[in-house]
Student: 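Below are the structure tokens for one structure; questions will follow.
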Amino acid sequence: MRDANVFAFRKAMPRMSWSPRNLYNLWRRSCAAEADAIDFTRSPLTLFQQRWISKALVRGYHGDFINEKIFKRWYLPDTLPDVRPRQHALSSNGDLDAFAGRTEQLQRAKKKASDEERKGLAPVGSLMLAEVERRIDVFVFRCCFAHSVYEARRLVIHGSVLLNGKKHTDANTRLAPGDMISVDPAAIRFLQEPGSSKAKSEGEPSDSEPKTEPLGLSQSNPPTKVASTKSSLTPFNLPPYASPFIFIPAYAEVSFPTCSAIYVRHPTARPGYSEIPTPYDADGEVIRLAWEWYAKMRPRMRSKSQMAREPENRRVSGH
């Protein structure tokens with residue numbers, strides 16, 4: 001982590017972390033006075049200032065460890081994707097559709113129209129961050145194998161993460177659908193004993209000390225052996241205040257007994273719901289203004305030398 005004061009209360013910027021200080025900052029941005037500061041409905045700030053603040057908040061959570069120039073060049077889509085399903089030409093006459101065998105298509109179209117009317121359009125603005133979610137270090141954090149994305153990045157760099165059964169140390173790699181990661185259980189902090197484990201308690205005598213028999217104890221009744229209290233189960237010790245962050249995205253298939261996960265598909269959105277976790281409204285002003293900022297400020301050209309420096313972008317699983 002480059003900034004030791006990344007959880008500063010003065011900035012109150014949520015990060016990808018289970019830290020209690022981060023939870024407090026998240027609460028301040030959601031419910032406290034800082035939440036009113038990003039309500040730009042009636043704001044004296046200029047449009048440039050609103051976009052700058054939104055861009056800083058979005059980048060503070062989504063990939064603050066990525067260089068800004070690299071983020072703009074390699075992790076931003078050219079356009080926002082169209083997640084709407086294909087529209088089929090249907091007639092207004094229900095009898096004709098029934099004769100043509102298109103009643104199911106008509107029912108799906110009516111259901112989609114009612115969902116959009118009830119939930120609104122799909123929040124495609126959040127999909128500008130889909131490339132960040134594909135990173136292997138972010139995926140390790142989303143699968144709840146690390147306390148923060150900074151720790152997940154350290155696990156990858158130190159060789160504690162396998163990609164499709166092989167050691168992988170490049171934290172900038174973007175996964176392809178079907179890729180499987182495996183994390184060394186010895187590197188996962190909440191699967192370890194808290195503190196140093198002692199074989200015996202402080203008041204229990206050691207085997208080398210002579211054991212004295214109390215007076216009046218008959219020799220015919222030997223002392224019973226104390227059952228061992230050490231359990232063979234894997235320890236599980238979550239840090240305090242971690243429950244708000246324990247969730248699995250829809251595009252991840254996680255197996256905690258084997259400490260592995262599969263990147264099933266790219267994240268998407270549907271009416272009223274986005275699969276990309278974010279502390280801000282997926283279709284709110286912060287995400288929209290951040291996209292407007294990057295749509296104007298992102299670099300437009302990539303030379304051959306720049307293309308050679310692109311972080312690994314896996315297109316097909318196993319390649």
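One is the number of the first residue; the rest follow in order along the sequence. Because the structure is a prediction, the values reported are computed rather than measured.
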Student: Where the side chain of Asp64 meets the backbone of Arg59, is there a donor-acceptor pair that is under 3.5 Å apart?
Tutor: no

Student: Would you give the length of the straight line joining atom CZ of Phe48 to atom CD1 of Ile53, rounded to the nearest 0.5 angstrom?
Tutor: 10.5 Å

Student: Give me the atom names and distance for the closest heavy-atom approach of Ala171 to Arg153.
Tutor: CB-NH1, 3.7 Å

Student: Given Lys69 and Arg73, is the side-chain contact (heavy atoms from CB on, under 4.5 Å) satisfied, shown in steps?
Tutor: CA-CA 6 Å; Lys69 187 175 181 180; Arg73 190 176 300 278; 3.7 Å; yes

Student: With side-chain contact (heavy atoms from CB on, under 4.5 Å) as the test, would you mind laying out the steps for Thr268 and Tyr251 before giving the verdict?
Tutor: CA-CA 9 Å; Thr268 184; Tyr251 55 84; over 6 Å; no

Student: Test: salt bridge (Lys or Arg N to Asp or Glu O under 4.0 Å). Region: residues 33-42. Which pairs qualify, not counting sequence neighbours?
Tutor: Arg28-Glu34

Student: Do Ile136 and Ile157 belong to the same hydrophobic cluster, where Ile, Leu, Val, Met, Phe, Trp and Tyr are linked whenever their side-chain heavy atoms lie under 4.5 Å apart, directly or via other members?
Tutor: no

Student: Linking I/L/V/M/F/W/Y whenever any side-chain heavy atoms sit under 4.5 Å apart, do Phe139 and Phe247 land together?
Tutor: no

Student: So Val149 and Ser17, do their side chains get closer than 4.5 Å, heavy atoms only?
Tutor: no

Student: Answer yes or no: is there an ion pair linking Arg154 with Asp137, defined by an N-O contact shorter than 4.0 Å?
Tutor: no

Student: Would you mind reporting whether Pro311 and Tyr75 have side-chain heavy atoms less than 4.5 Å apart?
Tutor: yes

Student: May I ask you to check whether Tyr150 and His147 place their ring centers less than 6.0 Å from one another?
Tutor: no

Student: Side-chain heavy atoms under 4.5 angstrom apart, residues restricted to Ile, Leu, Val, Met, Phe, Trp, Tyr: same cluster for Tyr24 and Val6?
Tutor: no

Student: For the residue pair Val156 and Thr169, establish whether any side-chain heavy-atom pair is separated by less than 4.5 Å.
Tutor: no

Student: Minimum heavy-atom separation for Phe236 and Leu191, please, with both atom names.
Tutor: CD1-CD2, 3.9 Å

Student: Please walk me through it: do Trp52 and Leu47 pass side-chain contact (heavy atoms from CB on, under 4.5 Å)?
Tutor: CA-CA 9 Å; Trp52 173 266; Leu47 184 59; over 6 Å; no

Student: Nearest 0.5 Å, please: how far is CD in Glu312 from CG in Asn172?
Tutor: 9.5 Å

Student: Is the shortest side-chain heavy-atom distance between Pro277 and Glu133 below 4.5 Å?
Tutor: yes

Student: Could you check whether Ser126 and Ser274, counting side-chain N and O atoms only, form a donor-acceptor pair closer than 3.5 Å?
Tutor: yes

Student: With a sphere of 6.0 Å drawn around OH of Tyr273, does it hold more than 12 non-hydrogen atoms of other residues, nucleotides or ligands?
Tutor: yes

Student: Between Phe245 and Asn22, does a side-chain contact (heavy atoms from CB on, under 4.5 Å) hold up when you go through it step by step?
Tutor: CA-CA 11 Å; Phe245 308 103; Asn22 183 59; 3.9 Å; yes

Student: Counting only N and O atoms by type, is there a donor-acceptor contact under 3.5 Å from the side chain of Arg134 to the main-chain atoms of Leu175?
Tutor: yes

Student: Could you check whether Arg15 and Asn25, counting side-chain N and O atoms only, form a donor-acceptor pair closer than 3.5 Å?
Tutor: no

Student: Which distance, rounded to the nearest 0.5 Å, do you find between the CZ of Arg189 and the CG of Leu238?
Tutor: 11.5 Å

Student: Tell me, do Tyr61 and Met13 make a side-chain contact under 4.5 Å, heavy atoms counted?
Tutor: no

Student: Taking the side chain as everything from C-beta on, heavy atoms only, tell me whether Leu57 gets closer than 4.5 Å to Arg29.
Tutor: yes

Student: Identify the heavy atoms of Ser148 and Phe141 that sit nearest to each other, and give their distance.
Tutor: C-CD1, 3.5 Å

Student: Short question: side chain of Asn237, backbone of Gln192 - any donor-acceptor pair under 3.5 Å?
Tutor: yes

Student: Asp281 versus Val286: any side-chain heavy-atom pair under 4.5 Å?
Tutor: no

Student: Any Lys/Arg nitrogen of Arg51 or Glu285 sitting under 4.0 Å from an Asp/Glu carboxylate oxygen of the other?
Tutor: no

Student: Over all heavy atoms of both residues, which pair between Pro77 and Leu127 is shortest? Give the atoms and the distance, please.
Tutor: CG-O, 4.5 Å

Student: With rounding to the nearest 0.5 angstrom, report the OG1 to CZ distance, Thr234 to Phe190.
Tutor: 11.5 Å

Student: With rounding to the nearest 0.5 Å, note down the distance linking CG in Leu45 to CZ in Phe40.
Tutor: 6.5 Å

Student: Knowing that exactly one of Arg314, Arg265, Arg135 qualifies, which makes a salt bridge (charged side-chain N to carboxylate O under 4.0 Å, His left out) with Asp179?
Tutor: Arg314

Student: To check you understand the geometry: which heavy-atom pair defines the closest contact between Asp78 and Trp291, and what is its length?
Tutor: O-CH2, 4.1 Å

Student: At what distance, to the nearest 0.5 angstrom, does CD of Glu151 lie from OG of Ser160?
Tutor: 10.0 Å

Student: Same hydrophobic cluster for Leu162 and Ile262, using side-chain heavy-atom links shorter than 4.5 Å among ILVMFWY?
Tutor: no

Student: Tell me whether Trp27 is reachable from Leu23 by hopping between hydrophobic residues (I, L, V, M, F, W, Y) whose side-chain heavy atoms are closer than 4.5 Å.
Tutor: no

Student: Applying salt bridge (Lys or Arg N to Asp or Glu O under 4.0 Å), can you list everything that pairs with Arg174, at least two apart in sequence or on another chain?
Tutor: Glu131, Glu310

Student: What is the minimum heavy-atom distance between Leu26 and Ser30, and which atoms define it?
Tutor: O-OG, 2.8 Å

Student: Taking the six-membered ring of Phe9, is NZ or CZ of Arg21 closer than 6.0 Å to its centre and within 45° of its axis?
Tutor: yes

Student: By salt bridge (Lys or Arg N to Asp or Glu O under 4.0 Å), which residues pair with Glu253, not counting sequence neighbours?
Tutor: none

Student: Heavy atoms, side chains only, cut-off 4.5 Å: are Pro177 and His266 in contact?
Tutor: yes

